[in-house]
Amino acid sequence: MGPGHGDGAGAGPRRRRVRRPWLTASAVLLLLVPVGPLVLRALDADGPSPFPQLLAFLPWLLVPGWLALVCAIFARRVLLIVVAVVVLAGTGWFVQPYGPDAPPGAEERPGKARFRVLTANLEYGGATEGLLRALRRERPQLVAVQECDHRCAKALRSAEMRAEYPHRVIATGSRAEGSALLSVFPLSDRSEVPGLLSMPGAVADVRGTAVRVQVAHPMPPETDSLSTWRAELGRLRDYAAERGRTPTLIAGDFNASQDHAAFRALLDTGMRDAARQTGHSRTPTWPTLTAPPLGVQIDHVLLSDPMVPVDAQFVDLPNTDHRALLVDVKLF
């Protein structure tokens, strides 16, 4: 036989599949970030720390999901590709707004009353001056204030504020503890939802209709306060569930988003998130250092029937890590 005619002659060396273990390891590590929170979201649970903190930023879990998919494709790992696709699909599903749409035609329908609600966390009272300017500019009829320190309480008791808001409940406290409820409407039946941070409430007479109004400020879901956070959100849920047929409004810093089971349980009593119903379900309110575009919506105005939000705006105040929320409400 001549040269080049033997078995395998001229065929050249076989190409060996190049394995890239670092790509496989990267895909696995990236998938570990979203998988746990997504499983808890599917189970309607918040879980132990750090999952409640991660759930607050659930939409951003798309980032490690996409990076994991790219790594899995280049590593040629079919199983990891499938897992990454499932993670992306699950995240996309849960990113959808939670709760029903607003009833159509609310803006055109005549109602008993229309009024404005403002909620603002002042970060230890630092944004007091900014709040006063916003009140003069926006003229809300109901105001929920959180982290109202002694400076804030003094400012809200000034002659100017007493003239603008003759009805008020101010729960004094240092730094984060204090809260306030201001109203142009007469207030009665003052009450408080128990919590480590003050959460005052009352019944407002809105053009002849009794409306329960409650300030919300449960503890944040930090590692050492998770049980308190759950318990205080549970008390707000109980407050909402006990409303009967009385219109109820809860406004404040809930330290929770629609991706937290404890907050969804509150919504499931029939309360409606004003930002969600006006097309702003994912507009961040915290932290102002990055919001917008990066952040989470933890400041809310919740409404029960027969109240409907017709507009919502986010107001930037100086010297606070929260954006204020201003909502126009119709009472039917």
Side-chain angles (χ1 to χ4, degrees), residues 115-206 211-220 232 249-255 274 285-289 291 298-302 312-329:
F115 58 93
R116 289 190 133 184
V117 181
L118 177 73
T119 180
N121 181 314
L122 305 185
E123 192 181 9
Y124 310 142
T128 297
E129 288 302 318
L131 171 67
L132 298 180
R133 288 193 294 270
L135 295 180
R136 297 182 190 111
R137 182 179 67 249
E138 305 295 348
R139 300 293 182 182
Q141 284 80 30
L142 289 170
V143 184
V145 185
Q146 307 89 55
E147 299 198 19
C148 180
D149 68 349
H150 295 294
R151 293 173 299 165
C152 164
K154 181 179 179 180
L156 296 183
R157 291 189 176 109
S158 68
E160 177 193 4
M161 285 295 104
R162 285 184 177 276
E164 293 294 329
Y165 297 98
H167 311 283
R168 77 267 309 288
V169 181
I170 299 178
T172 56
S174 59
R175 295 176 66 80
E177 185 182 350
S179 294
L181 172 61
L182 308 179
S183 174
V184 302
F185 307 117
L187 296 178
S188 61
D189 297 332
R190 298 182 182 185
S191 61
E192 186 167 356
V193 171
L196 294 182
L197 307 175
S198 300
M199 293 190 281
V203 175
D205 181 354
V206 180
V211 177
R212 300 165 82 226
V213 183
Q214 175 63 48
V215 178
H217 196 199
M219 288 290 287
E232 293 180 355
L249 185 156
I250 311 175
D253 170 13
F254 288 76
N255 278 310
T285 63
W286 177 89
T288 53
L289 184 64
I298 60 175
D299 300 87
H300 308 272
V301 172
L302 306 185
Q313 304 172 47
F314 296 87
V315 181
D316 293 309
L317 303 179
N319 303 317
T320 177
D321 56 350
H322 288 254
R323 304 176 77 198
L325 175 58
L326 180 70
V327 177
D328 285 291
V329 178

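Quick note: numbers below take in every heavy atom, side chains included, and nothing from hydrogens, waters or symmetry partners. When a residue number appears, it is its place in the shown sequence, counting from 1.
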A.B. asks: Give the C-alpha distance, both sets of side-chain angles, the deciding distance and a yes or no for side chain to side chain contact (heavy atoms under 4.5 Å, CB included) between Arg137 and Val315.
C.D. replies: CA-CA 11 Å; Arg137 182 179 67 249; Val315 181; 3.7 Å; yes

A.B. asks: Is Arg136 paired with Glu164 through a side-chain N to carboxylate O contact shorter than 4.0 Å?
C.D. replies: no

A.B. asks: Are more than 12 heavy atoms, taken from residues, nucleotides or ligands other than Tyr124, located less than 6.0 Å from that residue's OH atom?
C.D. replies: no

A.B. asks: Run the side chain to side chain donor-acceptor pair (under 3.5 Å) test against Asn319 and tell me which residues pass, sequence neighbours left out.
C.D. replies: none

A.B. asks: Which heavy atom of Ala324 sits nearest to which heavy atom of Leu317, and what is that distance?
C.D. replies: CB-CD1, 4.1 Å

A.B. asks: Looking only at heavy atoms, what is the nearest atom pair of Ser179 and Pro200, with distance?
C.D. replies: CB-CD, 3.7 Å

A.B. asks: With sequence neighbours left out, what residues match Gln141 under side chain to side chain donor-acceptor pair (under 3.5 Å)?
C.D. replies: none

A.B. asks: Does some side-chain heavy atom of Leu142 sit less than 4.5 Å from a side-chain heavy atom of Leu182?
C.D. replies: no

A.B. asks: Quick one: disulfide (SG to SG under 2.5 Å) pairs with a partner in residues 151-190, sequence neighbours left out?
C.D. replies: Cys148-Cys152

A.B. asks: Using modelled atom types only, decide if a donor and an acceptor are shared between the side chain of Ser198 and the backbone of Glu177 within a distance under 3.5 Å.
C.D. replies: yes

A.B. asks: Tell me whether Arg168 contacts the main-chain N or O of Met161 through its side chain, where contact means a donor paired with an acceptor under 3.5 Å.
C.D. replies: yes

A.B. asks: Less than 4.5 Å apart, side chain to side chain, heavy atoms only: is that true for Val117 and Leu249?
C.D. replies: yes

A.B. asks: Who passes side-chain contact (heavy atoms from CB on, under 4.5 Å) against Pro186, sequence neighbours left out?
C.D. replies: His167, Asp205

A.B. asks: Carefully, step by step, assess Val329 and Phe115 under the rule side chain to side chain contact (heavy atoms under 4.5 Å, CB included).
C.D. replies: CA-CA 5 Å; Val329 178; Phe115 58 93; 3.8 Å; yes

A.B. asks: For the residue pair Thr119 and Gln146, confirm or rule out a side-chain donor-acceptor distance under 3.5 Å.
C.D. replies: yes

A.B. asks: Does any part of the side chain of Phe254, heavy atoms only, come nearer than 4.5 Å to the side chain of Leu302, both counted from C-beta?
C.D. replies: yes

A.B. asks: Go through the structure and list residues passing side-chain contact (heavy atoms from CB on, under 4.5 Å) with Leu197, not counting sequence neighbours.
C.D. replies: Ala176, His217, Met219

A.B. asks: Name all residues meeting the salt bridge (Lys or Arg N to Asp or Glu O under 4.0 Å) criterion together with Asp321; count only those two or more places apart in sequence or in a different chain, and write none if there are none.
C.D. replies: none

A.B. asks: For Glu232, enumerate each residue passing the side chain to side chain donor-acceptor pair (under 3.5 Å) test, keeping only those at least two apart in sequence or located in another chain.
C.D. replies: none

A.B. asks: Can a donor-acceptor pair be found, under 3.5 Å and without considering hydrogens, that links the side chain of Thr288 to the backbone of Thr320?
C.D. replies: yes

A.B. asks: Do Ile170 and Leu156 make a side-chain contact, defined as non-hydrogen atoms from C-beta onward lying under 4.5 Å apart?
C.D. replies: yes

A.B. asks: When you look at Tyr165 and Leu135, which way does the side chain to side chain contact (heavy atoms under 4.5 Å, CB included) test go after all the steps?
C.D. replies: CA-CA 10 Å; Tyr165 297 98; Leu135 295 180; 3.8 Å; yes

A.B. asks: Quick one: which residue pairs count as a salt bridge (charged side-chain N to carboxylate O under 4.0 Å, His left out) with a foot in residues 141-153, not counting sequence neighbours?
C.D. replies: Asp149-Arg151

A.B. asks: Could you tell me if the side chain of Arg116 sits less than 4.5 Å from the side chain of Leu326, heavy atoms only?
C.D. replies: yes

A.B. asks: With salt bridge (charged side-chain N to carboxylate O under 4.0 Å, His left out) as the rule and sequence neighbours excluded, what pairs involving residues 188-197 come up?
C.D. replies: none

A.B. asks: Ala312: which residues meet the side-chain contact (heavy atoms from CB on, under 4.5 Å) condition with it, sequence neighbours left out?
C.D. replies: Thr278, His280, Leu325, Val327

A.B. asks: Does any part of the side chain of Val206, heavy atoms only, come nearer than 4.5 Å to the side chain of Phe185, both counted from C-beta?
C.D. replies: yes

A.B. asks: According to side chain to side chain donor-acceptor pair (under 3.5 Å), who are the partners of Asp299, at least two apart in sequence or on a separate chain?
C.D. replies: Thr285, His322

A.B. asks: Could you measure the distance from the CE atom of Met199 to the CG atom of Asp253? Nearest 0.5 Å is fine.
C.D. replies: 10.5 Å

A.B. asks: Give the C-alpha distance, both sets of side-chain angles, the deciding distance and a yes or no for side chain to side chain contact (heavy atoms under 4.5 Å, CB included) between Leu118 and Leu131.
C.D. replies: CA-CA 10 Å; Leu118 177 73; Leu131 171 67; 3.9 Å; yes

A.B. asks: If the condition is side-chain contact (heavy atoms from CB on, under 4.5 Å), which residues does Glu129 pass it with, not counting sequence neighbours?
C.D. replies: Leu132, Arg133

